[in-house]
Asks: 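Here's a structure for you.
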Amino acid sequence: MTYILNIETATKNCSVSLAKNGETILCKEIAEQGFSHAEKLHVFIEEMLKETGVSVQEIQAVAVSKGPGSYTGLRIGVSTAKGLCYALGIPLISVDTLQVLAKQVVVQNGLIVPMLDARRMEVYSAIFDINHIKRAEVQAEILTETSYDEITELVYFIGDCQEKCKTVLTKNNFHFLSEIVFPSANEMSALSFEKLINNDFEDVAYFEPFYLKDFLIAKPK
C-alpha cells in the first residue's frame, strides 16, 4: 500500500491529508481570517499520523499544492514539504492549486472556473471541464463585465472571491457555487497518487511555488 502526505496551504485554509492508494484516510484543516499555517501545519501532521497509526517512515511521498495563491501560505507549505522529503529521502510531488479546487465540483455538463482572490478585481483563474481536465491555463486576470462572454456553456464559478465576481459576471449561464470556497488537501489524494505512479516528481532542491505574480512588499506609510 502507498501512503502520501498532502499539504495545501495556498489560501487561508491550512489543510493536510493522509492518503492510501489515492484515497483520503484522514484530512485535518482550518480556515481562519488570520493565517495560522505556521502554527497549525506541523501540529496537524503529527495529530493525523497518531490518529491513523501510520508512522512517518511509512510515507512514500509528500505532495504540496504549488499555487497560485498566498505568498506566505505557499512558502510555509513548500518549505514543510521539502523538509520532510529531505529528512525521509522520499519524492516531492506538486499539484496545481486551482485543479485541487476544481476537483470539489461534480457536475454533468458545462465548465468549471476556480478563482482565487488577488485583490481588487483581479483573480487567479483557470478553466476546467467536468472531468477536471484543464481547458485554459492559469492566469492573473482583471474581471470586467465582458469576461467569459465568449462562453455559451454553463459556467460554474468557485473560490474565495465569488461575492465580488457576482458584481460583474451576470450572464444567465454563469452559476456561483458559494459552498466551495477554498482548496482542500482532501482533493489532492487522487491527483498526487497519479503523479506518483507516473514518477512525476519535483527536484527537492530547486522546486519553487508557482506565485504567478512577483511578490511585492509595500513600503510603510
Side-chain angles (χ1 to χ4, degrees), residues 8-15 29-37 64-78 94-107 109-185 187-188 191 208-221:
E8 164 55 68
T9 57
T11 65
K12 292 176 182 176
N13 193 31
C14 179
S15 180
E29 57 190 357
I30 185 170
E32 296 181 320
Q33 191 61 34
F35 282 86
S36 59
H37 300 14
V64 66
S65 180
K66 68 178 181 180
S70 155
Y71 179 89
T72 302
L74 289 169
R75 293 301 298 176
I76 292 170
V78 169
S94 71
V95 181
D96 185 329
T97 299
L98 290 175
Q99 187 177 23
V100 173
L101 182 56
K103 285 279 285 184
Q104 296 183 51
V105 180
V106 179
V107 289
N109 52 61
L111 297 170
I112 303 164
V113 179
M115 290 181 171
L116 295 178
D117 196 5
R119 299 183 180 179
R120 299 185 178 87
M121 290 307 293
E122 189 172 15
V123 299
Y124 303 133
S125 65
I127 300 176
F128 295 84
D129 64 18
I130 59 173
N131 297 310
H132 310 111
I133 296 172
K134 191 179 292 180
R135 297 306 183 195
E137 289 300 322
V138 178
Q139 63 174 335
E141 63 171 327
I142 297 174
L143 295 177
T144 69
E145 287 81 359
T146 60
S147 296
Y148 300 94
D149 263 3
E150 72 281 2
I151 300 178
T152 57
E153 301 170 75
L154 287 172
V155 183
Y156 298 92
F157 293 100
I158 54 175
D160 63 356
C161 52
Q162 294 184 57
E163 289 307 312
K164 74 178 183 182
C165 295
K166 289 177 182 178
T167 63
V168 292
L169 302 178
T170 58
K171 287 179 62 180
N172 290 334
N173 60 316
F174 293 168
H175 296 274
F176 293 87
L177 304 180
S178 58
E179 70 276 11
I180 302 176
V181 179
F182 298 119
S184 168
E187 278 71 43
M188 291 178 66
L191 296 171
E208 289 291 330
F210 177 49
Y211 298 118
L212 193 56
K213 295 201 309 180
D214 292 333
F215 178 63
L216 300 177
I217 300 176
K219 295 181 179 180
K221 296 181 180 179

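The analysis underlying the following values was restricted to heavy atoms, covering all of them including side chains, and did not include hydrogens, waters or symmetry mates.
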Asks: Once rounded to the nearest 0.5 Å, what's the spacing between atom CZ of Phe182 and atom OG of Ser15?
Replies: 11.5 Å

Asks: Looking at every heavy atom in both Lys171 and Tyr148, which two are closest together, and how far apart are they?
Replies: NZ-O, 4.1 Å

Asks: Calculate, to the nearest 0.5 Å, the distance between atoms OG and CG belonging to Ser65 and Asp96 respectively.
Replies: 7.5 Å

Asks: Identify the two heavy atoms, one from Thr97 and one from Pro183, that lie closest to each other, and give their separation to 0.1 Å.
Replies: CG2-CG, 3.9 Å

Asks: Just checking, is any N or O donor in the side chain of Ser125 or Glu141 under 3.5 Å from an acceptor N or O on the other one?
Replies: yes

Asks: For a 4.5 angstrom cut-off between non-hydrogen side-chain atoms, does Leu169 reach Val155?
Replies: no

Asks: Checking Glu8 side chain against Ala10 main chain: does a donor-acceptor pair fall under 3.5 Å?
Replies: yes

Asks: State, yes or no, whether a side-chain contact exists between Ile151 and Ile127 at a heavy-atom distance under 4.5 Å.
Replies: yes

Asks: Thr167 and Glu163: which non-hydrogen atoms are nearest, and at how many Å?
Replies: CG2-O, 3.7 Å

Asks: Quick one: does any side-chain atom of Glu187 pair with a main-chain N or O of Gln99 as donor and acceptor, under 3.5 Å?
Replies: no

Asks: Assess the residue pair Ser70 and Thr72 against the criterion (side chain to side chain donor-acceptor pair (under 3.5 Å)); give the C-alpha distance rounded to whole Å, side-chain angles, the decisive distance to 0.1 Å, and a yes or no.
Replies: CA-CA 5 Å; Ser70 155; Thr72 302; 4.7 Å; no

Asks: Shortest non-hydrogen contact from Ala126 to Ala136?
Replies: CB-O, 3.6 Å

Asks: Could you tell me the separation between the CG atom of Leu177 and the CD atom of Gln104, rounded to the nearest 0.5 Å?
Replies: 10.0 Å

Asks: Using a 3.5 Å distance criterion without hydrogens, assess whether the side chain of Asp117 forms a donor-acceptor pair with backbone atoms of Asp160.
Replies: no

Asks: Looking at Ile112 and Ile130, what are the two nearest heavy atoms and their distance?
Replies: CD1-CA, 4.3 Å

Asks: Quick check: are there more than 12 heavy atoms from other residues, nucleotides or ligands sitting under 6.0 Å from CG of Asn131?
Replies: yes

Asks: Is there a side-chain contact between Leu98 and Pro68, using heavy atoms and a 4.5 Å cut-off?
Replies: yes

Asks: Does a side-chain heavy-atom distance below 4.5 Å link Val168 with Met121?
Replies: yes

Asks: How long is the straight-line distance from CG of Leu101 back to OG of Ser184, given to the nearest 0.5 Å?
Replies: 10.0 Å

Asks: If you round to the nearest 0.5 Å, how far is SG of Cys14 from NE2 of His37?
Replies: 5.5 Å

Asks: In Å and rounded to the nearest 0.5 Å, what is the CD1 to OH distance from Ile76 to Tyr71?
Replies: 11.0 Å

Asks: Tell me the closest heavy-atom pair linking Ser94 and Lys66, and the distance in Å.
Replies: OG-CD, 3.7 Å

Asks: Do His132 and Leu191 have side-chain heavy atoms sitting under 4.5 Å apart?
Replies: no

Asks: Quick check: do Pro209 and Val64 have side-chain heavy atoms less than 4.5 Å from each other?
Replies: no

Asks: Looking at Arg75 and Glu208, does any basic side-chain N land under 4.0 Å from a carboxylate oxygen?
Replies: yes

Asks: Please work out whether the ring planes of Phe176 and Phe157 are parallel, tilted or perpendicular, with thresholds of 30° and 60°.
Replies: parallel

Asks: Is it true that a side-chain atom of Lys164 and a backbone atom of Glu122 form a donor plus acceptor pair closer than 3.5 Å?
Replies: yes

Asks: With no hydrogens and no angle check, is any side-chain donor or acceptor of Glu153 less than 3.5 Å from a backbone partner on Asn109?
Replies: no

Asks: Compare all side-chain heavy atoms of Val105 with those of Phe128 and state whether any distance is below 4.5 angstrom.
Replies: no

